[in-house]
Amino acid sequence: MPVLQPARGTQDILPDAMRRHRAVIDTARDIAARYGYAEMTTPMFEFTDVFSRPIGEATDIVSKEMYTFKDRGDEEITLRPEYTAGIVRAVISNGLTQNLPLKFFAHGPMFRYERPQKGRFRQFHQIDVELIGAGTPESDVEIIALGADILASLGVGQVCVLQLNTLGDTESRQAYRAALVDFFSAHRDGLSEDSRRRLERNPLRILDSKDPGDIRINADAPAFDTYLTDAARDFFAKVRGGLETLGIGYRINPRLVRGLDYYCHTAFEFVTEQLGAQGTVLGGGRYDGLMKLMGGPDAPAIGWAAGIERLALLIAEPASPSRPIAMIPLGEAGEAKAMTLAHALRLAGFTVDQAYSGNLKRRMQRANKIAARAAVILGDDELARGAATVRDLDTGEQIEVPLAQLKDRLAPFR
RNA sequence: GCGGGUGUAGCUCAGUUGGUUAGAGCGCCAGAUUGUGAUUCUGGAUGUCGUCGGUUCGAAUCCGAUCACUCGCCCCA
């Protein structure tokens, strides 16, 4: 309705906020590169099937939380709600399954039709890493360590706790799921309305319920541990051992579950208490079943994604950008000279800003506002002498410098 | 999708039991040396009181709807 208001759940990212985003992305990219994860990206929209098939048409996610529409060519299109499905699709489309294992880093906007809250938007941004074609516990350790390193490097490691769980292998999961359904069916009357619905759709999620009655029942619910196969238990033990070797602290959270069948083994989330209900800052897990489900070869994979907005809320103020030199011409001769001087200085690597209007006072005010380090004043007086006035804006000291020496004399102000 | 809170200047907010000209700080603009910023001093402008409708002699204030933000639930790929 009010056209001058951004659409619900979207926001402008103005320079101050953008610097925070940039800091998150740049830090993550650098550290991911150290682990051998190469940056790539996929389209912001895909055929709807890419996302709906692995998730299931009947789920809330697909039926009411995706930005899905028909384009002018009558194709069913969906704005990507996550990175993983698109990346797996790209791996298959490009025949990259020849080159496993693949290690990717990506970042970009995601779209989910949800009710906005703090740190939760309809257009939001994620960083994402995927390790495709590696199925050993060591690869789980690597990808978690990568996440931990990034969080530490962003200075938020102290306020995030790594929660860890296993979803076992298919055999373990089916046995556990059956046991849960049996157990909760016997306690059906005590369950909340939401959980009775979950009983059909997604019994594991009951374990995660916030309803007080459900929590009481959960206390007696069967534990996954007793249903794990030896192989699954061994896998999890190796993951934990690896984390311990690397000194990465974690807390086992048996209620940390995933709803979809292609997930297995390791599930993890780095959680903070500083963001209210939207406390998960980075989450991921192993998805060995997805590649095959999407029509590719049967390749194991693991990955995680982290919300840039949430991380941006947690990090300290990023370092200020480099301070510019303010070019301040007075009069027509000065304007003409300023253009060529500014160009030459920029080619030489200086940051140079010019206001383009106002008298000297006004331009000095502008120079101050943009935190310029120095001002180069080009008036008729000094131009007649082939010189410019250079003012140190921190000390107020001011000297006249021959134009030929300008570059050298400005060097201390870079 | 469900429930609670909030919406007043560019920003952060104050506005008494409905009462006539709606305020503060910061910021912005102008001036205090017609070629010198940041400090200081003086002056100025801020505004459909989110929007629409209702109650009333009279609404920023009460009621309803709607939009947005926010807290929790649902969902969380």
M18(A) atom CE, neighbour heavy-atom count above 12 within 6.0 Å: yes

Can you tell me if CZ on F45(A) sees more than 12 non-hydrogen neighbours from other groups inside 6.0 Å?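 Check fails, neighbour count at 12 or below.
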
Any strand counts, and the cut-off is 3.5 Å on both contacts for Watson-Crick or G-U wobble. Which nucleotide pairs with [N]?
{"N": "rG43(B)", "answer": "rC29(B)"}
{"N": "rC69(B)", "answer": "rG5(B)"}
{"N": "rU36(B)", "answer": "none"}

Just call it for [X]: base, sugar-phosphate, or nothing, with non-hydrogen atoms closer than 4.0 Å on any strand.
{"X": "Y263(A)", "answer": "sugar-phosphate"}
{"X": "R197(A)", "answer": "sugar-phosphate"}
{"X": "G396(A)", "answer": "base"}
{"X": "R201(A)", "answer": "nothing"}
{"X": "Y262(A)", "answer": "sugar-phosphate"}
{"X": "L260(A)", "answer": "sugar-phosphate"}
{"X": "G9(A)", "answer": "sugar-phosphate"}

Could you tell me how far apart [X] ([atom1]) and [N] ([atom2]) are, to the nearest whole angstrom?
{"X": "D208(A)", "N": "rC73(B)", "atom1": "CG", "atom2": "P", "answer": "11 Å"}
{"X": "Q11(A)", "N": "rC69(B)", "atom1": "CD", "atom2": "P", "answer": "10 Å"}
{"X": "D128(A)", "N": "rC76(B)", "atom1": "CG", "atom2": "C1'", "answer": "15 Å"}
{"X": "E193(A)", "N": "rC75(B)", "atom1": "CD", "atom2": "P", "answer": "12 Å"}
{"X": "Q5(A)", "N": "rC52(B)", "atom1": "CD", "atom2": "P", "answer": "14 Å"}
{"X": "Q126(A)", "N": "rC76(B)", "atom1": "CD", "atom2": "P", "answer": "15 Å"}
{"X": "I325(A)", "N": "rG37(B)", "atom1": "CD1", "atom2": "C1'", "answer": "15 Å"}
{"X": "R363(A)", "N": "rA38(B)", "atom1": "CZ", "atom2": "C1'", "answer": "19 Å"}

So, do L383(A) and L403(A) sit near enough that their side-chain heavy atoms are less than 4.5 Å apart?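 Contact flag for L383(A)/L403(A) side chains = yes.
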
On RNA chain B, nearest-nucleotide positions of T84(A) versus R122(A): which is more 5'? R122(A)

With RNA chain B as reference, determine whether A7(A) or D194(A) sits nearer its 5' end, using the nearest nucleotide of each.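 Nearest nucleotide further toward 5': that of A7(A).
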
In whole Å, what separates the [atom1] atom of [N] from that of [M]?
{"N": "rU21(B)", "M": "rG4(B)", "atom1": "P", "answer": "37 Å"}
{"N": "rG31(B)", "M": "rG18(B)", "atom1": "P", "answer": "46 Å"}
{"N": "rC29(B)", "M": "rC71(B)", "atom1": "P", "answer": "34 Å"}
{"N": "rC49(B)", "M": "rA22(B)", "atom1": "C1'", "answer": "8 Å"}
{"N": "rG23(B)", "M": "rU56(B)", "atom1": "C1'", "answer": "26 Å"}
{"N": "rU33(B)", "M": "rU42(B)", "atom1": "P", "answer": "15 Å"}
{"N": "rC57(B)", "M": "rG5(B)", "atom1": "C1'", "answer": "34 Å"}
{"N": "rA68(B)", "M": "rG15(B)", "atom1": "C1'", "answer": "23 Å"}

Answer with yes or no whether R258(A) presents, from its side chain, a donor or acceptor under 3.5 Å of a partner atom in the base of rA77(B). no

Suppose we call a contact any N or O donor and acceptor under 3.5 Å apart; does that hold for the side chain of R366(A) and the base of rG37(B)? no

Proximal nucleotide (of rU70(B), rU36(B), rC73(B)) relative to the P116(A) side chain: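 Nucleotide nearest to P116(A)'s side chain: rU70(B).
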
Extract from the structure each pairing of a protein N or O with an N or O of nucleotides 25-35 of chain B at less than 3.5 Å, listing the distance.
from    : atom 1 : to      : atom 2 : distance (Å)
rC29(B) : OP1    : R362(A) : NH2    : 3.1
rG35(B) : O6     : D381(A) : N      : 3.0
rG35(B) : O6     : D381(A) : OD1    : 3.1
rG35(B) : O6     : D381(A) : OD2    : 2.7
rG35(B) : O6     : E382(A) : OE1    : 3.2
rG35(B) : N1     : E382(A) : OE1    : 2.6
rG35(B) : N1     : E382(A) : OE2    : 3.4
rG35(B) : N2     : E382(A) : OE2    : 2.9

Between the OG1 atom in T272(A) and the CD atom in E269(A), the distance rounded to the nearest 0.5 Å is 12.5 Å

Can you see whether E382(A) engages T389(A) through a side-chain donor-acceptor pair at a distance of less than 3.5 angstrom?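 Result is yes, a qualifying pair exists.
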
Report yes or no: do E130(A) and Y287(A) form a side-chain donor-acceptor pair below 3.5 Å? yes

Any side-chain N or O of R8(A) under 4.0 Å from OP1/OP2 of rC69(B)?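 The answer is yes; a side-chain N or O of R8(A) sits under 4.0 Å from OP1 or OP2.
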
Look at the side-chain N and O atoms of R205(A) and state whether any lies under 4.0 Å from the OP1 or OP2 oxygen of rC76(B).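 So the side-chain polar atoms of R205(A) do come within 4.0 Å of the phosphate oxygens OP1 or OP2 of rC76(B), strictly under.
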
Give me the one residue out of L330(A), I328(A), L341(A) that meets side-chain contact (heavy atoms from CB on, under 4.5 Å) with L378(A).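 The single option meeting the side-chain contact (heavy atoms from CB on, under 4.5 Å) with L378(A) is L341(A).
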
Please work out whether the ring planes of Y227(A) and Y176(A) are parallel, tilted or perpendicular, with thresholds of 30° and 60°.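 The rings of Y227(A) and Y176(A) sit tilted, inter-plane angle from 30° to 60°.
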
Measure up the F270(A) and F268(A) rings against each other and bin them: parallel (under 30°), tilted (30 to 60°), perpendicular (over 60°). perpendicular

Do you know the tightest heavy-atom contact between V141(A) and K238(A)?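 It is CG2-O, 4.4 Å.
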
Does Y37(A) have its ring centroid less than 6.0 Å away from the ring centroid of F105(A)?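 Ring centres of F105(A) and Y37(A) not closer than 6.0 Å.
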
Tabulated below should be each protein N or O lying under 3.5 Å from an N or O of nucleotides 3-8 of chain B; please produce it.
from   : atom 1 : to      : atom 2 : distance (Å)
rG3(B) : O6     : R115(A) : NH2    : 3.4

Cation-pi check, R80(A) onto Y83(A) ring (under 6.0 Å, within 45° of axis):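 Here R80(A) passes the 6.0 Å and 45° test against Y83(A).
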
